[in-house]
**Q** 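First the structure, then my questions, so here it is.
Here is the naming used below: chain letters follow the sequence lines, and residue numbers restart at 1 for every chain.
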Number of protein chains: 2
Amino acid sequence: MAVQRRNTHQRQLVLDAVIARSDHPTAEEIYHDVRAHDEKISRGTVYRNLNLLEEAGAIRSVHVPGGNRFDRRIEDHAHVTCLICGSVQDAPLAYDDAVDARAAAETGYDVESHSTVFYGICPACQRKQQTT
Amino acid sequence: MAVQRRNTHQRQLVLDAVIARSDHPTAEEIYHDVRAHDEKISRGTVYRNLNLLEEAGAIRSVHVPGGNRFDRRIEDHAHVTCLICGSVQDAPLAYDDAVDARAAAETGYDVESHSTVFYGICPACQRKQQTT
DNA sequence: GTGTTTGCAAACTTTTTGCAAACAC
DNA sequence: GTGTTTGCAAAAAGTTTGCAAACAC
């Protein structure tokens, strides 16, 4: 059975902070944003709630070089990340359920989903490289 | 200009340790394996060389929940990871270059490659769940 | 000989955790 | 009232770094 969850002020603030951003923030960035609304909330509470909200399916996280990023979009979708500055954005890519079954059949894993990350250089970092 | 690289005993040991494993080891596991051959090598040296070898293209790393894993296979390919124990394995999935161009066109990023990770439950963890 | 690399240890970053008080239901 | 959640602070985990000695070329 799932653990019972209570609706606390702090949990709502963390969820709101993730929803307010479209740029896939880090835990530290969420902590910073939440502190702007509540000077007393602690880092531990932010981390605990990010993990609980992810478990509950209210938010998701993206694993990229440089750490974990949180995502308000909970449907399956791809991302692109910058190899220089680490920025993360949504990327268009049709989600193909069929490949999950194929991967399951060939690996023996009970596959639930998949995630694709594109690696490249973001527009801002491209401009900086040209200046070099 | 790329930094000049010297062929040290320690660097070779780290590379050999990655090549010797097919299970996508963590940095700590590589450190442990290398220590079996050289009691004096330090953690710092292992981390430095893993990063240098990855930069040089001799090995790759996979970013999954739970941390970074190293991979002796340097060609593009997919992975499957266990949501319970964190194990990582190669997964069969045709690598499609065309999607990189599409992602680049729609995001403005200069996309170099992509990586797909399947999430699921590995055979061993499936068996443990049945016992519950 | 020159410049890179190593071992060591300390520092840093990020995340988790124990506990008593505060809070949601 | 009962059991969850919070803030705090410490600890844990993972990785990086400064430096003098050692080493590769």
**Q** Look at B:Q10 and C:dG7 and indicate whether a side-chain polar atom (N or O) is within less than 4.0 Å of OP1 or OP2.
**A** yes
**Q** Compare the minimum distances between each of D:dG14, C:dT5, C:dT15 and the side chain of B:Y47, then state the nucleotide with the smallest one.
**A** D:dG14
**Q** Working to the nearest 0.5 Å, report the span between CG of A:L83 and CD1 of A:I121.
**A** 5.0 Å
**Q** Within the structure, does a side-chain N or O atom of A:N49 lie under 4.0 Å from either OP1 or OP2 of D:dT6?
**A** yes
**Q** Which pairs count as ring pair (Phe, Tyr, Trp, His ring centres under 6.0 Å) when at least one residue sits in residues 18-56 of chain A, sequence neighbours excluded?
**A** A:H24-A:H79
**Q** Answer yes or no: is there an ion pair linking B:D23 with B:R69, defined by an N-O contact shorter than 4.0 Å?
**A** no
**Q** Apply side chain to side chain contact (heavy atoms under 4.5 Å, CB included) to residues B:S113 and B:Y95 and explain how you reach the verdict.
**A** CA-CA 10 Å; B:S113 66; B:Y95 188 85; 3.5 Å; yes
**Q** Could you encode protein contacts along nucleotides 8-13 of chain C as a string, one character per nucleotide from 5' to 3', using B for base contact, S for sugar-phosphate-only contact and - for no contact, with a heavy-atom cut-off of under 4.0 Å?
**A** B-----
**Q** Check DNA chain D for consecutive Watson-Crick or G-U pairs with both distances under 3.5 Å and list the runs of at least three as stems.
**A** C:1-25 with D:1-25
**Q** Does A:R43 contact D:dG7 through a side-chain donor or acceptor facing the base, at a distance under 3.5 Å?
**A** no
**Q** Does this structure show an ion pair linking A:E75 with A:R60, if we count only N-O contacts that are shorter than 4.0 Å?
**A** no
**Q** Are B:L93 and B:V117 co-members of a hydrophobic cluster defined by side-chain heavy atoms under 4.5 Å apart?
**A** no
**Q** May I ask you to decide if A:R6's main-chain N or O and A:R11's side chain share a donor-acceptor pair within less than 3.5 Å?
**A** yes
**Q** Check whether any side-chain nitrogen or oxygen of B:N51 sits under 4.0 Å from OP1 or OP2 of D:dT15, and answer yes or no.
**A** no
